[in-house]
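Reviewing the structure listed below.
All values below come from the heavy atoms of this structure, side chains included, with hydrogens, waters and symmetry mates left out.
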Amino acid sequence: MKTEDIEVCQTHCIHLDAVDSVRKETPSEEMLDDLAELFKVFGDGTRIKIIYSLFEKELCVCDIAELLGMTQSAISHQLRVLKNNRLVKFRKSGKTVYYSLDDEHIRRIFDCGLCHVKEMYY
């Protein structure tokens, strides 16, 4: 998109009531930065595939690696990022570690994004 394709105001007029209203409702800078970081985590194709895989059922690292055609090491690295951002959780059963989505929010975030992308195809 070129800058000339973007519509801009023809005059300089600030609507203080609108600005103040938005300013009052805007989360803190720290919260917005954390939100940006969350969306960065969603910005990786491998992590998206892992999240999608965990919609159906919990899977161990070996299962995810097989499903995605990747090494366990590569999957473990991505799972660490997802875990650090509280998108997945794990449980141990003997020597096996199973991963699942951390909570229902993850599914809703993912579903909203996928719905938005699907609109481009229909």
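Between T96 and C60 the shortest heavy-atom distance is CG2-CB, 3.6 Å. The shortest heavy-atom contact between S76 and V61 is OG-CG1, 3.7 Å. When all heavy atoms of Q72 and C62 are compared, the pair lying nearest together is NE2-SG, 3.4 Å. Between L67 and S53, the shortest heavy-atom contact is CD2-OG, 3.2 Å.
Contact annotation: the side chain of F90 approaches that of K83 to within less than 4.5 Å [non-hydrogen atoms, C-beta and beyond]. Inter-residue side-chain proximity for I64 and L79 is flagged as met; some heavy-atom pair is nearer than 4.5 Å. Inter-residue side-chain proximity for S93 and Y98 is flagged as met; some heavy-atom pair is nearer than 4.5 Å. Between Y99 and L54, some side-chain heavy-atom pair lies under the 4.5 Å cut-off. In this structure, the side chains of L38 and I109 come closer than 4.5 Å at one or more pairs of heavy atoms.
Between atom CG of residue D111 and atom NE2 of residue H116 there is a gap of 14.5 Å, rounded to the nearest 0.5 Å. Put simply, CD1 on I75 and CG on L68 are 4.5 Å apart, with the number rounded to the nearest 0.5 Å. With values rounded to the nearest 0.5 angstrom, K89 atom NZ is found 12.5 Å from L87 atom CG.
The number of heavy-atom neighbours closer than 6.0 Å to CZ of R107, taken from other residues, nucleotides and ligands shown, is above 12.
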Side-chain polar contacts of residues 12-37 - donor-acceptor pairs under 3.5 angstrom, sequence neighbours left out - could you list them?
unit_1 : atom_1 : unit_2 : atom_2 : d
T26    : OG1    : V22    : O      : 2.7
S28    : OG     : M31    : N      : 3.1
E37    : OE2    : K40    : NZ     : 3.0

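Residue pairs meeting the salt bridge (charged side-chain N to carboxylate O under 4.0 Å, His left out) criterion with at least one partner in residues 41-66, sequence neighbours excluded, are E58-R91.
Applying the ring-ring contact (aromatic ring centres under 6.0 Å, His included) test to F55 and every residue at least two apart in sequence or in another chain returns Y52, F110.
The same ILVMFWY cluster, assembled from side-chain heavy atoms under 4.5 Å apart, contains both F39 and L114.
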